[in-house]
Structure formats: structure tokens, C-alpha cells
*Asks:* 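The structure under discussion is supplied below as C-alpha cells; questions concerning it will follow.
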Number of protein chains: 2
Amino acid sequence: MRTLYHPETEQIELQHVFYALSEPIRFTIVLQLMDASELSCGGFELALPKSTLSHHFKVLRESGVIRTRLEGTQRFISLRTMDLESRFPGLLKVIRESAAGNVAHEA
Amino acid sequence: MRTLYHPETEQIELQHVFYALSEPIRFTIVLQLMDASELSCGGFELALPKSTLSHHFKVLRESGVIRTRLEGTQRFISLRTMDLESRFPGLLKVIRESAAGNVAHEA
DNA sequence: TCAATAGTTCGAGTGTATTCGAACTATTGA
DNA sequence: TCAATAGTTCGAATACACTCGAACTATTGA
């Protein structure tokens with residue numbers, strides 16, 4: 001695991017992003033990243049085995065949704081906000097508003 | 001098949017919509033509906049067995065993406081444009097622009 | 001009533017996803 | 001150098017999804 005595959009911005013495909021986000025755990029991961037900018041793998045509020053999380057991070061990374069930065073023994077994960085916004089303008093807003101709407105009705 | 005299940009607008013979930021759209025055939029179906037407003041099951045440009053198409057129409061319908069209207073021996077399918085737009089403002093635009101961008105670079 | 005038409009359901013085969021423990025790799029700090 | 005830490009990979013079990021032929025249902029029109 002020396003090189004972590006990340007697709008180029010232009011290579012990110014909407015169907016792959018949709019696939020990645022259709023899974024509840026991965027959707028939760030993305031929502032948490034929207035509030036946190038950057039988190040280590042262990043920094044998420046998810047009580048799941050490391051191997052399970054690792055699998056989901058890989059799917060999100062390979063679909064272009066997140067970026068993984070290596071630092072020491074940790075991997076710092078962030079949403080590819082700029083890349084996603086330039087590739088699919090408005091998509092993140094849709095996700096953000098959908099999540100907000102499901103929690104509470106904000107004016 | 002007397003009653004066809006369609007979720008109410010408020011019941012449509014983004015994750016289910018993403019799941020439905022993550023499959024290539026279903027994505028194609030949605031793109032064709034964007035250009036056609038309403039099509040019978042056999043009216044799509046898809047050379048696939050009826051049973052396969054029927055499966056995908058069901059997934060799209062139950063996730064709230066399409067509406068199926070019964071008329072005689074035919075079922076007319078349409079995109080739930082208004083419902084999707086009110087539930088997830090901007091989502092259809094993202095899909096439309098993504099599809100346009102993959103075909104040609106329009107100015 | 002009966003054939004034709006349009007689409008659904010069933011069932012089986014095949015493939016792909018998810019889950020998680022165990023073993024592994026890589027880096028840090030002492 | 002060595003233990004501790006952080007996360008990945010492997011492998012197996014289980015579950016879910018896709019495909020498609022065959023049989024079925026429902027409606028129309030003659």
C-alpha cells in the first residue's frame with residue numbers, strides 16, 4: 001500500500017459516485033466528512049471493525065469521493081469537495097440539504 | 001399487478017435514488033426519459049429481454065425515480081421530474097449536465 | 001370467446017458486495 | 001532494535017443483485 005489510487009477529477013464518474021453513496025455506512029462517512037474537513041480512519045463515529053471501514057474507505061476513494069493522505073502511521077481522509085464540485089456542480093449541495101432535511105426541518 | 005407501488009414524494013430517499021441510478025441500464029433509462037417525457041416499456045432503445053427491463057423498471061419505480069401509468073395493455077413510464085426536483089432540488093440538473101458532458105463538450 | 005399484445009413473476013444460474021477475524025505491513029518513538 | 005499504533009489485505013461466509021427463459025396475468029379487439 002505505497003500508492004493509493006485516486007482517480008483524476010475528470011475521471012470521476014457519476015454512476016460510481018452514486019454507487020459509493022448508495023451504501024448507508026459510506027453515506028454516513030461522507031456526511032461526517034462534510035462537518036469535519038479531515039478525519040483519521042479511527043476518527044469517525046462508527047462502531048465497526050477496522051477491516052470493514054477500510055473496505056468502505058477504499059470504495060469511496062476509488063470512486064473519487066474522498067482523498068486519503070498518508071501521515072505517519074495514520075491516514076487522513078477528506079472529502080474531495082473542490083473536485084466533486086467542479087465535476088458535478090451542485091451535487092454536494094443536494095447531499096447536504098438532503099441530510100439536513102432528514103434530521104430536522106430548518107427554515 | 002393491480003396496484004403498482006410508488007413511494008410518496010416525501011418518502012423518496014436519496015440513497016435509494018443513488019442506488020437505482022448506479023446501475024448502467026437504469027441510468028440509461030433515466031436519460032432516455034429526460035428526452036422523452038413518457039415512454040412505454042417497449043419504447044426504450046434497449047435491446048434486452050422484457051423480464052430484464054421489467055426488473056429495472058421496478059427498481060426505479062420503487063425508489064421513486066419513475067412513475068408507471070397503466071393504460072390498456074401498456075404501461076407508460078415517466079420520470080418523476082417534479083417530485084424529484086421538489087425533494088432534491090438540483091439533482092436532475094446534475095444528472096443532465098453529467099450526461100451532456102460525457103457525450104460532447106458543449107459551450 | 002379467443003387470439004394477440006404488453007408486461008410481470010418465478011426460478012435458477014451466476015456474479016458481485018458486505019462483513020469480520022486473523023494475519024500482515026508500515027511508521028513512530030523509546 | 002523493538003513494542004505499540006494505524007490501517008490494509010486475505011479468506012471465507014453470507015447475502016444481495018443481475019440476467020433471462022418460461023410460465024403467467026391482464027387487456028384489447030375481432
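Just so it is clear, the values below take in all heavy atoms, side chains as well, and ignore hydrogens, waters and symmetry mates. Protein chains get the first letters and strands the later ones, always in sequence-line order, with residue 1 at the start of each.
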*Asks:* When you measure from the side chain of A:Lys50, which nucleotide among D:dC20, D:dT8, C:dG7 comes out closest?
*Replies:* D:dT8
*Asks:* Within less than 4.0 Å of OP1 or OP2 of C:dT19, is there a side-chain N or O belonging to A:His56?
*Replies:* yes
*Asks:* Which atom pair, heavy atoms only, marks the closest approach of A:Val65 to A:Ala20?
*Replies:* CG2-CB, 4.4 Å
*Asks:* How are the rings of A:Phe18 and B:Phe18 set relative to one another: parallel (under 30°), tilted (30 to 60°) or perpendicular (over 60°)?
*Replies:* parallel
*Asks:* I want to verify a distance call: between D:dT27, D:dA6, D:dT19, whose nearest atom is closest to the B:Thr73 side chain?
*Replies:* D:dT27
*Asks:* Whom does C:dT19 pair with, Watson-Crick or G-U wobble, provided both distances fall under 3.5 Å?
*Replies:* D:dA12
*Asks:* Return the CG to CD1 distance between A:Leu33 and A:Ile66, rounded to the nearest 0.5 Å.
*Replies:* 6.5 Å
*Asks:* Name the nucleic acid region contacted by A:Leu53, choosing base, sugar-phosphate or nothing; use a 4.0 angstrom heavy-atom cut-off, strictly under.
*Replies:* nothing
*Asks:* With a 6.0 Å cut-off (strictly less than), is the heavy-atom count around CD of B:Gln11, excluding the residue itself, greater than 12?
*Replies:* yes
*Asks:* Could you please name the partner base of C:dA30, counting Watson-Crick and G-U wobble pairs only when both distances are under 3.5 Å?
*Replies:* D:dT1
*Asks:* If I take atom CZ in residue A:Arg61 and atom P in nucleotide D:dG7, what distance separates them, rounded to the nearest angstrom?
*Replies:* 13 Å
*Asks:* Check every atom of C:dC20, C:dG7, D:dT9 against the side chain of A:Ser54 and return the nucleotide holding the closest atom.
*Replies:* D:dT9
*Asks:* Does the structure show a Watson-Crick or G-U wobble partner for D:dT25, both distances under 3.5 Å? Name it, or say none.
*Replies:* C:dA6
*Asks:* Among C:dT8, D:dT27, D:dC18, which nucleotide sits nearest the side chain of B:Tyr19?
*Replies:* D:dC18
*Asks:* Does A:Ser51 contact C:dG21 through a side-chain donor or acceptor facing the base, at a distance under 3.5 Å?
*Replies:* yes
*Asks:* Ignoring backbone atoms, test whether A:Arg75 places a side-chain nitrogen or oxygen under 4.0 Å from the OP1 or OP2 oxygen of C:dA26.
*Replies:* no
*Asks:* Map B:Phe57 and A:Thr52 onto DNA chain C by nearest heavy atom, then report which one ends up closer to the 5' terminus.
*Replies:* B:Phe57
*Asks:* Which residue lies toward the 5' end of DNA chain C, A:Ile25 or B:Lys58, if each is placed at its nearest nucleotide?
*Replies:* B:Lys58
